[in-house]
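Counting begins at 1 with the first residue of the sequence.
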Amino acid sequence: MTAKRTEIELRQFFDRWATLANTFCCLYLGDSELAEQALQQGFLTYIRHGRPLRLDRLPAALMSLILDECDQIAIGEVDVESQFEAAVLSLLPQERSVFILHGVLGFQLPWIAAVTGSSFSEISQLWVASLVQLRIVIIRDTCSILLGSRCPTVSQSAGSASA
């Protein structure tokens, strides 16, 4: 049986991890209101399951629940403010989560594997795939802004580099 948690312990736990987890949710969903919804539901589920309130490192189980909540929220049309946000939102959900957790928030790949329930090898592949996809999207979008219809396709530019 789990000891009764005080309001102070719960507040300390939430305050310690909410900003970091909310950053993930905002980038993942592209909408601050949906992010807040996923964040709150993830924390509530974690606490209701009686999980430990660690303050020294972000519990993988908490992040896993928050990621599950994000995945359950349908992403509709989102107004993004930057090319980077649009590129991140264009990633497949698994690629997006790995990119945000590793590339933006700096978590190590083995921890991300624990959060997602995937193998280290799968996470490594998703990391590389996310970088490749982001590069393609950013180059394509930048080129179309600068050159308009004269912009070569990605395969054309890749082919000319090897020639």
Side-chain angles (χ1 to χ4, degrees), residues 1-3 5 9-78 80-142 154-155 158:
M1 176 144 261
T2 320
R5 295 157 184 214
E9 291 171 321
L10 295 171
R11 173 56 57 195
Q12 286 174 334
F13 181 72
F14 182 80
D15 289 348
R16 174 68 176 101
W17 302 119
T19 301
L20 185 68
N22 192 55
T23 300
F24 171 83
C25 293
C26 284
L27 286 170
Y28 189 87
L29 295 169
D31 181 286
S32 60
E33 289 179 20
L34 294 176
E36 183 70 24
Q37 178 185 335
L39 177 75
Q40 289 177 3
Q41 191 57 45
F43 268 95
L44 286 173
T45 303
Y46 183 86
I47 290 166
R48 284 182 185 140
H49 287 150
R51 303 284 182 118
L53 303 179
R54 297 189 65 135
L55 299 178
D56 60 329
R57 63 182 170 157
L58 178 61
L62 172 62
M63 202 62 220
S64 182
L65 290 168
I66 291 171
L67 176 58
D68 288 347
E69 290 299 326
C70 287
D71 283 341
Q72 291 178 24
I73 294 175
I75 301 175
E77 289 296 315
V78 178
V80 293
E81 296 181 17
S82 73
Q83 181 183 2
F84 174 74
E85 287 176 297
V88 170
L89 288 172
S90 75
L91 294 172
L92 296 173
Q94 288 182 308
E95 292 172 352
R96 189 177 335 135
S97 63
V98 171
F99 175 77
I100 296 167
L101 289 170
H102 186 61
V104 177
L105 300 177
F107 288 104
Q108 297 301 311
L109 296 178
W111 184 84
I112 298 169
V115 167
T116 62
S118 301
S119 71
F120 178 80
S121 176
E122 291 169 321
I123 294 302
S124 297
Q125 290 171 0
L126 288 167
W127 168 242
V128 171
S130 70
L131 293 177
V132 169
Q133 183 60 30
L134 285 173
R135 181 179 183 274
I136 289 169
V137 170
I138 291 172
I139 288 172
R140 180 198 65 215
D141 291 352
T142 302
V154 173
S155 61

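Side-chain contact between Leu39 and Glu36 is present, with at least one heavy-atom pair separated by less than 4.5 Å. Side-chain contact between Val88 and Tyr28: absent, with no pair of heavy atoms (C-beta onward) separated by less than 4.5 Å. Contact of the Leu67 side chain with the Met63 side chain is not registered, since no non-hydrogen atoms from C-beta on lie closer than 4.5 Å. Considering only heavy atoms from C-beta on, Gln72 comes within 4.5 Å of Glu69 through its side chain. The closest side-chain heavy-atom distance from Phe14 to Ile47 is not below 4.5 Å.
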Identify every side-chain donor-acceptor pair in residues 110-118 under 3.5 Å, counting partners at least two apart or on other chains, and give the distances.
from   : atom 1 : to     : atom 2 : distance (Å)
Trp111 : NE1    : Leu58  : O      : 3.4
Thr116 : OG1    : Ile112 : O      : 3.0
Thr116 : OG1    : Ala113 : O      : 3.4
Thr116 : OG1    : Ser118 : N      : 3.3
Thr116 : OG1    : Ser118 : OG     : 3.3

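Using cut-offs of 30° and 60° for the angle between ring planes, the Phe13 and Phe43 rings count as perpendicular. Taking the six-membered ring where tryptophan is involved, the planes of Trp127 and Phe99 are essentially parallel, since the angle between them stays under 30° and well short of 60°.
The distance from atom CZ of Arg16 to atom CG of Asp56, rounded to the nearest 0.5 Å, is 8.5 Å. Separating the CG atom in Asn22 from the CG atom in Leu29 is a distance of 10.0 Å, to the nearest 0.5 Å. If you take CG on Leu20 and SG on Cys25, they are separated by 10.0 Å, rounding to the nearest 0.5 Å. From Leu55, atom CG reaches atom CD of Gln12 across 6.0 Å, with rounding to the nearest 0.5 Å. Here the straight-line distance linking atom CZ of Arg57 with atom CZ of Phe107 works out to 11.5 Å at 0.5 Å rounding. Distance check: Leu109 CG to Ser121 OG gives 11.0 Å after rounding to the nearest 0.5 Å.
Between the Arg96 side chain and the Leu27 main chain, no donor and acceptor come within less than 3.5 Å of each other. Side chain of Tyr46 to backbone of Gln41: no donor-acceptor contact under 3.5 angstrom is found. Looking only at distances, no side-chain donor or acceptor of Ser64 sits under 3.5 Å from a matching main-chain atom of Ala61.
More than 12 heavy atoms of other shown residues, nucleotides or ligands fall within 6.0 angstrom of atom CD in Gln133.
Of all heavy-atom pairs between Asp71 and Pro93, the closest is OD1-CB, 4.2 Å. Ala21 approaches Ile66 most closely through the heavy-atom pair CB-CD1, 3.7 Å.
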